[in-house]
Amino acid sequence: MLAVLDQWWGGMKGEAGALERALLLPRLYFQHFSPTSFLVEYPDGELAAFLVGFLSQTEPDTAYVHFAGVDPALHGQGVGRALYRAFFALVRSHGRRYVRCVTSPENTVSRNFHTRLGFAASSPLKDYDGPGLARVAFSIGLADEPTRPTRRLRVLDGALSLEHHPELREPNDDHWLALVRAPEGLTVIRTAGSSVPVQDRWVALYDADPYHGLDEPGLLAAVLAPLARAAVPVFTASTYHADLVLVPEPRRCPALDALRSAGFDIC
């Protein structure tokens, strides 16, 4: 992240600004706040966007976005909005009702972005972060966000297995659930037979109320984040209307416990 800050911020405020931005991302944020932070990468692994946030320890109904950034090449494509929506969904599942953040008065891109997202903005606050470090403070009530009923996930009957077919030929039987065609071959998600060893068997979770549309960001991230915190491996496939999330059958119980703790209704 430090390697891209100057480029992404266009050298704002010169050397002093570069130092100021670098000091905002000490290692402790990656050690202690990764469960409430997000990273977006390009296919080659290069950084595309990030959001570092946390749950306030002082205000039990509040979460805080500490630092967020998007590659300028992706501005206007909804990446930043998707990151914030994912953060909103995650912290709302932890009972948080407000999100706060600050930016520098010179950062008009950030100020305009937060205003468009629905944040209320203060006037510049002199010496907010120390002598000469003015800030604009933002806040938004998640109750002001469009809310949806508790999201329900359905556990599909039976166990599944994964197969990879480099030759791209479709299976000759009908015992498969999904096919994913890619340049490297065909991935087949199928019913696991009795001969499939337990370590290769997967349990499928599917939206009990699909048809959420393609323009609702953060839904898959809200499922994957609690599973990642519980160290549960996943395999995902998406349809036009919903997401299919597979977890290893031996990790079924901790996976479902993690999702229930995050506010999901499992049926």
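Quick note: residue numbers are just sequence positions, from 1.
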Q: Does Arg252 CZ have over 12 foreign heavy atoms under 6.0 Å away?
A: no
Q: Please determine whether the number of non-hydrogen atoms from other residues, nucleotides or ligands lying under 6.0 Å from atom CG of Asp44 exceeds 12.
A: yes
Q: Hey, are the side chains of Val136 and Ser123 touching, using non-hydrogen atoms and a 4.5 Å cut-off?
A: no
Q: Looking at Asp173 and Arg190, is there a salt bridge between them, counting it only when a charged N and a carboxylate O are closer than 4.0 Å?
A: yes
Q: Would you please indicate if the ring centroids of Phe113 and Phe119 are separated by under 6.0 Å?
A: no
Q: Return the set of residues passing ring-ring contact (aromatic ring centres under 6.0 Å, His included) with Tyr64 (not counting sequence neighbours), or none when no residue passes.
A: Phe54
Q: Do Ile266 and Val155 make a side-chain contact, defined as non-hydrogen atoms from C-beta onward lying under 4.5 Å apart?
A: yes
Q: Distance check, rounded to the nearest 0.5 Å: Ile140 atom CD1 versus Cys101 atom SG?
A: 9.0 Å
Q: Does Arg96 reach the main-chain N or O of Ser56 with its side chain, forming a donor-acceptor pair under 3.5 Å?
A: yes
Q: If you measure from the Lys or Arg side-chain nitrogens to the Asp or Glu carboxylate oxygens, is any gap between Asp129 and Arg135 under 4.0 Å?
A: yes
Q: Would you compute the distance between atom CZ of Arg116 and atom CG of Asn112 and round it to the nearest 0.5 angstrom?
A: 6.0 Å
Q: Can you pull the ring pair (Phe, Tyr, Trp, His ring centres under 6.0 Å) pairs that have at least one residue in residues 161-188, sequence neighbours excluded?
A: none
Q: If you round to the nearest 0.5 Å, how far is SG of Cys267 from CZ of Arg152?
A: 5.0 Å
Q: Could you check Glu41 against Glu46 for side chain to side chain contact (heavy atoms under 4.5 Å, CB included), going step by step and ending with a plain yes or no?
A: CA-CA 5 Å; Glu41 294 179 333; Glu46 291 295 313; over 6 Å; no
Q: Do Leu244 and Ser238 touch side chain to side chain, with heavy atoms closer than 4.5 Å?
A: no
Q: Could you check whether Asp71 and Tyr42, counting side-chain N and O atoms only, form a donor-acceptor pair closer than 3.5 Å?
A: yes
Q: Can you confirm if the aromatic rings of Tyr84 and His114 lie within a centre distance of less than 6.0 Å?
A: yes
Q: Do Val52 and Leu28 sit in the same hydrophobic cluster, where Ile, Leu, Val, Met, Phe, Trp and Tyr count as joined when their side-chain heavy atoms come under 4.5 Å apart?
A: yes
Q: On a heavy-atom basis, which atom in Ala49 and which in Leu47 lie closest, and how many Å separate them?
A: O-CD1, 3.6 Å
Q: Does either side chain, that of Glu59 or that of Thr62, offer a donor lying less than 3.5 Å from an acceptor on the other one?
A: yes
Q: Please list, chain by chain and in numerical order, all residues satisfying ring-ring contact (aromatic ring centres under 6.0 Å, His included) with Tyr29, sequence neighbours excluded.
A: Phe33, His66
